[in-house]
Amino acid sequence: RMELDVLYSDHDSEDELDHDVADFEDRTLLGGFSDVAEEEKRIMHMWNSFKRRQRILADGHVPWACEAFTHQHGQELVQNPRLRWCWRVLMIKLWNHGLLNGRTMNICNKHLEVLESQRADPKQS
């Protein structure tokens, strides 16, 4: 139910991004690539959706985004080694473009290693 002040306000929500629609369009676009592995499509969709929802607009935000993405999706990345490999390749591509530094890549990889070791030996956590 919409409140009256929202109904009568001058704010136009037409310009707002609908994340669900954007996610659907992203999946549709990525699905059209027949020469790309499913894990590559999945990591690209996860990254695109994360960037959109977190409003990562500036190059300087990429290191923070990579760390936050690794923390948010860490369990899934650890459970799927191919997806984890695709995430590492994406980080390398970001590094090649000067958007990510080695320190942040190391932090992300260390976090995944900790999750992996906790998964292998739950008593360590």
Side-chain angles (χ1 to χ4, degrees):
R1 190 176 136 212
M2 192 178 275
E3 298 295 324
L4 285 177
D5 58 330
V6 173
L7 184 63
Y8 292 118
S9 77
D10 290 335
H11 178 74
D12 182 11
S13 65
E14 289 295 317
D15 293 333
E16 290 179 10
L17 178 64
D18 184 330
H19 293 293
D20 294 330
V21 170
D23 283 348
F24 174 77
E25 290 171 348
D26 189 54
R27 275 193 299 278
T28 302
L29 175 70
L30 290 170
F33 294 107
S34 59
D35 60 340
V36 178
E38 287 304 313
E39 287 82 6
E40 291 174 278
K41 292 177 188 179
R42 175 123 177 83
I43 201 70
M44 287 307 303
H45 172 68
M46 290 167 64
W47 178 244
N48 290 343
S49 180
F50 180 84
K51 287 189 325 181
R52 189 171 35 256
R53 291 172 191 272
Q54 298 299 320
R55 295 190 170 106
I56 307 302
L57 303 173
D59 291 352
H61 297 160
V62 172
W64 172 88
C66 287
E67 284 188 54
F69 180 90
T70 302
H71 282 270
Q72 182 173 332
H73 295 286
Q75 291 296 336
E76 184 176 0
L77 295 170
V78 166
Q79 291 169 7
N80 184 336
R82 292 180 72 175
L83 192 63
R84 182 178 178 177
W85 177 253
C86 290
W87 173 234
R88 285 181 169 154
V89 169
L90 178 58
M91 285 195 294
I92 290 168
K93 289 179 181 180
L94 293 169
W95 177 76
N96 282 337
H97 290 284
L99 299 172
L100 189 61
N101 57 45
R103 179 184 168 278
T104 302
M105 288 176 66
N106 192 45
I107 289 169
C108 293
N109 284 316
K110 290 280 188 197
H111 178 68
L112 293 175
E113 288 172 11
V114 166
L115 293 176
E116 180 71 40
S117 67
Q118 289 173 350
R119 186 169 173 253
D121 184 7
K123 291 179 268 181
Q124 280 187 330
S125 50

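- Side-chain atoms of T70 and N109, non-hydrogen and from C-beta on, never get closer than 4.5 Å to each other.
- Evaluation of the ring pair (Phe, Tyr, Trp, His ring centres under 6.0 Å) test over residues 91-112, restricted to residues two or more places apart or in two chains, returns H71-H111.
- Taking all atoms of both residues into account, the shortest heavy-atom contact from L100 to P63 is CD1-CA, 3.8 Å.
- Atom CH2 of W85 is surrounded by 12 or fewer heavy atoms from other residues, nucleotides or ligands within 6.0 Å.
- Contact annotation: the side chain of E38 never approaches that of R82 to less than 4.5 Å [non-hydrogen atoms, C-beta and beyond].
- Using a 30° and 60° split on the angle between ring planes, W47 and W87 fall in the tilted class, from 30° to 60°.
- Looking at Q118 and V114, their side chains come closer than 4.5 Å, going by heavy atoms from C-beta outward.
- When every heavy atom of V78 is checked against every heavy atom of L112, the shortest pair comes out as CG2-O, 3.6 Å.
- The line from CZ of R52 to CG of L57 is 12.0 Å long, rounded to the nearest 0.5 Å.
- Screening residues 89-118 for salt bridge (charged side-chain N to carboxylate O under 4.0 Å, His left out), with sequence neighbours left out, gives R84-E116.
- Identified under the salt bridge (charged side-chain N to carboxylate O under 4.0 Å, His left out) test for residues 67-81, with sequence neighbours left out: R42-E76.
- Note that CG of L94 and CG of D59 are 10.0 Å apart. Values are rounded to the nearest 0.5 Å.
- In this structure, F69 and M46 have side chains that are in contact, with non-hydrogen atoms separated by less than 4.5 Å.
- Proximity of L90 to M44: side-chain heavy atoms (C-beta onward) are separated by under 4.5 Å at one or more points.
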